[in-house]
Amino acid sequence: MPNMVRAVVNSPAALKSMWGSFCALDKGTLGAKLGEQIAVAIANRNRCEYCLAAHTVLGQNAGATATEMAAAQAGQSGDAKTAAALTFVLKVVEQR
């Protein structure tokens with residue numbers, strides 16, 4: 001169980017809020033693989049080793065290769081649309 005979940009299980013309101021957010025994101029159009037590639041790029045930029053490890057595994061479970069996840073970590077991709085998405089989100093993170 002991720003530490004984040006362990007922290008909120010003691011508060012039904014916090015747990016409901018967290019799961020509600022996750023469920024809302026599941027209805028998006030990015031897809032799980034791209035979503036995890038974005039999460040890995042952001043985790044790397046934010047220097048969050050915990051998030052980086054978790055989202056790397058989730059990305060591979062969503063169909064990304066280890067090579068694709070390593071490239072995403074650096075904000076890169078061989079796919080032009082994925083590369084554009086990674087470039088965009090990293091600019092947002094950097095320029096907030």
Side-chain angles (χ1 to χ4, degrees):
M1 178 182 300
N3 291 335
M4 179 175 65
V5 176
R6 288 181 196 196
V8 299
V9 295
N10 295 312
S11 170
L15 186 59
K16 183 178 180 181
S17 174
M18 184 180 76
W19 285 122
S21 297
F22 290 160
C23 290
L25 292 173
D26 286 343
K27 295 179 178 132
T29 59
L30 291 180
K33 179 179 170 182
L34 178 56
E36 296 303 334
Q37 288 172 299
I38 289 170
V40 162
I42 293 170
N44 186 59
R45 191 60 46 101
N46 288 335
R47 296 185 179 105
C48 180
E49 294 297 323
Y50 180 83
C51 296
L52 183 59
H55 288 290
T56 297
V57 170
L58 291 170
Q60 290 175 326
N61 289 344
T65 65
T67 302
E68 288 173 317
M69 293 309 289
Q73 182 178 340
Q76 301 170 352
S77 175
D79 176 71
K81 289 183 181 181
T82 300
L86 295 171
T87 298
F88 173 77
V89 298
L90 290 176
K91 281 186 181 181
V92 170
V93 169
E94 291 168 3
Q95 299 175 8
R96 299 196 199 261

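Computed from a predicted structure; not experimentally measured. Here, residue 1 is the first one in the sequence, and each next residue gets the next number. All values below come from the heavy atoms of this structure, side chains included, with hydrogens, waters and symmetry mates left out.
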Side chains of residues 79-90: which donor-acceptor pairs under 3.5 Å do they make with residues two or more places apart or in other chains?
from: Asp79; atom 1: OD2; to: Lys81; atom 2: N; distance (Å): 3.4
from: Asp79; atom 1: OD2; to: Thr82; atom 2: N; distance (Å): 2.9
from: Asp79; atom 1: OD2; to: Thr82; atom 2: OG1; distance (Å): 2.9
from: Thr87; atom 1: OG1; to: Ala83; atom 2: O; distance (Å): 2.9

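- Between Ala41 and Ala72, the shortest heavy-atom contact is CB-O, 3.2 Å.
- Applying the under-4.5 Å side-chain rule to Ile, Leu, Val, Met, Phe, Trp and Tyr, the cluster around Met69 extends to Val40, Leu52.
- Residues Met18 and Val8 approach most closely at CE-CG2, 3.7 Å, considering heavy atoms.
- Taking the side chain to side chain contact (heavy atoms under 4.5 Å, CB included) definition, one finds that Ser11 meets it with Ala13, Ala14, sequence neighbours left out.
- Evaluation of the side chain to side chain contact (heavy atoms under 4.5 Å, CB included) rule for Ala39 yields Glu36, His55 as partners, not counting sequence neighbours.
- In this structure, Ile42 is a member of the same hydrophobic cluster as Leu30, with clusters built from ILVMFWY side-chain heavy atoms closer than 4.5 Å.
- For Arg96, the side-chain hydrogen bond (donor to acceptor under 3.5 Å, both in side chains) test picks out Asn46, with sequence neighbours left out.
- Screening residues 51-71 for salt bridge (charged side-chain N to carboxylate O under 4.0 Å, His left out) gives Lys33-Glu68 as the qualifying pairs, with residues at least two apart or on separate chains.
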